[in-house]
Amino acid sequence: MKNPLIMTPGPTYIHEEVRMAMARPITNPDLDASFFEFYQETCSRLKEIIQTKNDVFILSGEGILGLEAACASLIEPGDRVLCIDNGIFGNGFGDFVKMYGGEAVYFKSDYRRAVDVALLEAFLKKDHDFRIATLVHCETPSGITNPIEGICKLLNQYGIISVVDSVSAVGGEVLKADEWAVDMILGGSQKCLSAPPGLTFLSVSPKAWEKILNRKMPIIGYYANLSHWRNWYQEKWFPYTQPISDIYALRSAVERWLMDENPIERHKKIAEAVRKSLLDGGLDLYAADGFSNTVTTVNIPENISFQALYQTMLEEHNILIAGAFGFLKDKVIRIGHMGENCHEDKVYLTLKALDQVLRKHGIQPKVELHKAFISYM
Ligand SMILES: *Cc1c(COP(=O)(O)O)cnc(C)c1O
């Protein structure tokens, strides 16, 4: 492998400090009392990022495990679950709901726009017989960030437990979980926090615990059963051996994030400059509103294929950009400007390469993308 610059919306570039943290000597995490403290402190740091006082856990498995653990632990057969769907992840959440016996009721909205809280409010006025709702903070394939503040406050008014997939947003978008009444936030290590792939972290509110601990039907499965984590600290017992090296790396990445002056502002500023320079160049963004501060999704111009763009970026510039999947396959490219990727130098190189690759393939951006980018910084 040629160690390309990975400008994808996860995994993201990993800082050397974080990479070296993985090489630290390990201990036996089930027996060494100091590791329980280390794990607990790491969760406390994550609480600062999520802005919550609720319990936070780190589980061994990428972001998807967080989604599955929330569904497995909360949902009982027959539960009606509201699945807020304005994209591939929002829709896919419904599949997890059904897997665990829930009845998925979709609130569907425009896939090119952020969820409209007023429309959701009108929907809920007519039908609010739900204990749980699933939603997505940032729809990574389309580059759209949803207004979870308005959505979760609204769900809370109806006593509905909000389960928010914030995997590609936490650390890159404003998030005030407690102020916004978010019951469960789900995150992953490899996106905006820029730790290696392999961990998910999640928060559980008292309202969510009440549902998890007072089910009529037992939770199916073991690994995704959050009730095992309820008293891990008091009992000094983990449900399974912790991936200690991954957690060392996550801790290092989290410390870097907390020491950063204003990471959320940095994401916002770079994302805006990326969008403006692409638009100045005459390119077309997939999103019509709700533009994400962590990933930008660009429609592929006519007369060029995703494969050609991707290959030339990689072969001639050693930069890895992403496409998308599902209905967006081969239709868009995505630049992940999240976490450690979200720095002026890396984004500049990426836009410079993209500018050259487009010209090479006969597409003339109206301005030089990288120069426009710098002018907005
Ligand atoms: C990346 C991502 C996930 C988790 O996917 P993994 O492959 O497990 O990392 C979940 N939801 C969203 C919105 C994501 O962007």
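Whatever order the structure lists them in is the order used to number ligands and atoms, beginning at 1. Please read these numbers as outputs of a predicted model, since none were measured by experiment.
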Participant: Is it true that S166 lies under 4.0 Å from ligand 1, counting heavy atoms only?
Facilitator: no
Participant: Heavy atom to atom 1 (C) of ligand 1, shortest distance: which of M338, E68, E139, K191 holds it?
Facilitator: K191
Participant: For ligand 1, which atoms, with element, lie under 4.0 Å from some heavy atom of G63?
Facilitator: 4 (C), 8 (O), 9 (O)
Participant: Give the single entry among I64, V295, L199, D165 that approaches atom 8 (O) of ligand 1 most closely by any heavy atom.
Facilitator: I64
Participant: Has R24 got its NZ or CZ under 6.0 Å from the middle of the six-membered ring of F38, at an angle within 45 degrees of the ring axis?
Facilitator: yes
Participant: For the aromatic rings, using the six-membered ring if either is Trp, is the centroid distance between Y240 and Y223 under 6.0 Å?
Facilitator: yes
Participant: For C138, counting its heavy atoms only, list the atoms of ligand 1 lying under 4.0 Å from any of them.
Facilitator: 13 (C)
Participant: Would a single hydrophobic cluster contain both L199 and I14, if residues Ile, Leu, Val, Met, Phe, Trp and Tyr are joined by side-chain heavy-atom contacts under 4.5 Å?
Facilitator: no
Participant: On the six-membered ring of Y13, is K346 placed so that its NZ or CZ lies under 6.0 angstrom from the centre and within 45° of the ring axis?
Facilitator: yes
Participant: For Y348, does the six-membered ring have the charged nitrogen or CZ of K352 within the cation-pi criterion, i.e. under 6.0 angstrom from the centroid and within 45° of the normal?
Facilitator: no
Participant: Give the atoms of ligand 1, by number and element, whose distance to some non-hydrogen atom of Q190 is under 4.0 Å.
Facilitator: 6 (P), 9 (O)
Participant: Tell me which protein heavy atom sits closest to atom 6 (P) of ligand 1, plus the residue, atom name and distance to 0.1 Å.
Facilitator: E62 OE1, 3.6 Å
Participant: Show me which atoms of ligand 1 lie under 4.0 Å from any heavy atom of T140.
Facilitator: 12 (C), 13 (C), 14 (C), 15 (O)
Participant: Thinking salt bridges, do D260 and R266 make one under a 4.0 Å N-O criterion?
Facilitator: yes
